[in-house]
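Here is the structure we will look at.
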Amino acid sequence: MFLRNLRTKAPLVRRAFGPAHHRLSSLALEQDTAARLSPALAPAPAPAPTSIHTQIPASIPISVYTDIPDAPKPKKMETPVAYSTMAGRLQPQLLKALDQMEYKYMTPVQQKVLQLPNFTDDCLVQAKTGTGKTIAFLLPALQTLLTTKGLPRSQVGLLVLAPTRELAQQIADECNKLTSLCQPPLDCHIAVGGSNKKSALSKFLTGKPTILVATPGRLIDYLSEAATRAKFTDLRCLVLDEADRMLDQGFMPALVKILQQMPPKSTGWQGMCFSATLPPSIHKVLHLVLKPHHVRLSTIDKDEVPTVDAIPQSLLAVDAIEDVFPALHSLLSCEKYDNPMLKAVIFSSTARQAALMYQIFGHTGGAAPGKIPVYQMHSRMSQTARNRTVEEFKATQTGLLFASDVVGRGMDFPDVGLVVQIGLPSDTEQYVHRVGRTGRAGKLGRAVIVLTPEELSFVRNNRQFPIKETTTVHPRASPTLSANIIRQALEKIPEQSKTQAYVAFLGFTKTLKKIHGLEPSAIVQLANRFAASMGCTEPPALDSSVVGKMGLKGVPGLVIKGKNGVPAGVPSQNSRRPMPRGKKPFDDSTPSASGAENGQNKPTGEPRSHKRPRRDMR
Ligand SMILES: Nc1ncnc2c1ncn2[C@@H]1O[C@H](COP(=O)(O)OP(=O)(O)OP(=O)(O)O)[C@@H](O)[C@H]1O
């Protein structure tokens, strides 16, 4: 495998993934790199290398990582309990549906929830990603709906709130499977943004929506109508999936508005909060949906990390931001070589970067390894394109999905074997959820995080995760070839895409100022190097209003339209000569140099969703 036993060869690996000009550089350049990196990472100076690579100063002191704990030993599996034992406690039509879904045994979280003496208790439930929490909250809630006398089917008895449209749809799909045998039917409606509100609302008002799965924004729209509000007077259960997200500052105002339109908690509706991560910050707001004496369940031990044990987590530390795309290319090529049916999700920090990487690796740039479909998923796409991507990526056996965090939580894409995170997640919880897109339902998976020196503090500050620095150079890895393929791909990417990715990078990096510890001028410098890594010969020119909104007015290094000799309203010519340094012919000497494998001759990775992204959806 590509990423193994790094410790002995780390300096070599990092050199291998440096851009062409790094690798051609003299010792002086390497020393310069070391000086640049050490302050970011190591409190102590780097130990002198003692290996055969003595002539190469270790840019990152290996000792920094030696105390990262090994992956925890998997917990002893408890004997699974069959769903058939729930006869008498769950309605026969639910049990039959579970059987049809081939869910013979309860997962641990399902077992814990279904062993509660009372299915109508308020509860806060934590269980690892991919362990069946959806069924764990749906079953007790559906059981209540099916057994409560006097609940009119045209009234919403169960309301599930989820943070994203795709997750809401996925929950509704699972719910429909569970209720498929119920007679009379239990109708599940969905209220999410990006769809035709008028027709969905009309169906909701004229139909029998006993269950509603919604995202907060669209539900608030719905609730502005008195007739819609009247549908909730008999509410029996409210579930917050991804509860910590639903209760964070971003969603809190919307949640409060929704709760104001619901019957008061004193009417007795049940509150259920589920997530793989429950940071302490949520406890002060739990009272909004849970009674003070609610039940707390967890399948995660106190001293255990919330990531799945069966997912080895690796760090691929690159020398510099310029190395990220070539390193990713090399990683994916080697992974594809090892596993021709590779199915991977590659997360980016921003929608624009996800779109850019889709272009680099997909139809436009053609840098993906041969014969692998490439998909994109982010908030800048139309909802139709997003839905199509979800459907197709769920169904495909192999493919690369370049995604932003719209699918970072909750989404269940079967058989994803690899998750790659490019750069920092927005927070520790998001790291856990992204990793959790693989290794689901007991399957195997691996997770890699690709970090630049400026980002390595994430590993240092989160030693609870068993992240191992990666090492072994894969025999098929050819950094020169990867750098060249990426350079060629970047030449085909429209300048506008690069400018958008640059602006998004600036914005995101600024929001993470606390993590980076970077001053505004350093953020701009880093963003300008990101621009260089996209093949821009100068930083993209920005409108001064954009710069003002980001709070970066007057920060040196930015190119402002109408200033710096750049005409107003005209984008800078930043992509005419991409990556001018280190331009070299393809490295045909490596085994993986065939055009078919590396996409030199034709656009590899046929895109599956190439509808033009819609502007500013978020
Ligand atoms: N009892 C079961 N037996 C077999 N498979 C199951 C069972 N329950 C759920 N699954 C499957 O496990 C997978 C993960 O389920 P689910 O999406 O509910 O996980 P989750 O815990 O909510 O994950 P996340 O934290 O990422 O939201 C799904 O593919 C689901 O079909």
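FYI, side chains are in, hydrogens and waters are out, and symmetry mates aren't considered; it's all heavy atoms of this structure. Whatever order the structure lists them in is the order used to number ligands and atoms, beginning at 1.
Counting the atoms of ligand 1 from 1 in the order shown, those under 4.0 Å from a heavy atom of Thr131 are 19 (O), 20 (P), 21 (O). Atoms of ligand 1 lying under 4.0 Å from at least one heavy atom of Arg437, given by number and element, are 26 (O). Contact atoms of ligand 1 toward Ala441: 12 (O), 13 (C) (distance under 4.0 Å to a heavy atom of the residue). Remark: ligand 1 atoms within the under-4.0 Å shell around heavy atoms of Lys128 are 21 (O).
Electrostatic pairing of Lys394 and Glu391 does not count as a salt bridge here, judged by no charged N lying under 4.0 Å from a carboxylate O.
The residue from Thr299, Thr134, Leu139 that puts a heavy atom closest to atom 18 (O) of ligand 1 is Thr134. By heavy-atom distance, the residue among Lys133, Arg440, Arg409 lying nearest atom 26 (O) of ligand 1 is Arg440. Nearest-heavy-atom check against atom 9 (C) of ligand 1 across Glu174, Gln126, Gln110 picks out Gln110. Which of Tyr83, Tyr103, Tyr105, Phe274 comes nearest to atom 5 (N) of ligand 1 through a heavy atom is settled by distance: it is Tyr103.
Closest non-hydrogen pair, Val406 versus His378, comes out as CG2-CA, 3.7 Å. Nearest heavy-atom pair across Cys273 and Leu286 is SG-CD2, 4.2 Å.
You'll find the side chain of His294 stays beyond 4.5 Å of the side chain of Cys123, heavy atoms only. No side-chain heavy atom of Gln397 sits less than 4.5 Å from a side-chain heavy atom of Lys343.
With 3.5 Å as the limit, one finds no donor-acceptor pair spanning the side chains of Glu335 and Asn339. Side chains of Thr144 and Gln270: a donor-acceptor N/O pair is absent below 3.5 angstrom, by distance only.
Taking distance alone, with nitrogen or oxygen atoms compared against 3.5 Å, Met106 stays at or beyond that limit from ligand 1. Taking only nitrogen or oxygen atoms, main chain and side chain alike, Ile135 does not reach within less than 3.5 Å of ligand 1.
At a heavy-atom cutoff of 4.0 Å, ligand 1 is contacted by the side chain of Glu242 but not by its backbone.
Here the protein heavy atom with the shortest distance to atom 19 (O) of ligand 1 is Gly132 N, 3.2 Å. Of the protein's heavy atoms, Asp412 OD1, 3.6 Å lies nearest to atom 13 (C) of ligand 1.
Between Phe458 and Phe465, the ring planes are parallel. Angles under 30° get that label, and only those over 60° would be called perpendicular.
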Which donor-acceptor pairs under 3.5 Å do side chains of residues 188-197 form with protein atoms, sequence neighbours excluded?
unit_1 : atom_1 : unit_2 : atom_2 : d
Ser195 : OG     : Val192 : O      : 2.8
Asn196 : OD1    : Lys198 : N      : 3.0
Asn196 : OD1    : Ser199 : N      : 3.3

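Residue-ligand proximity: Gly130 is placed with a non-hydrogen atom under 4.0 Å from ligand 1.
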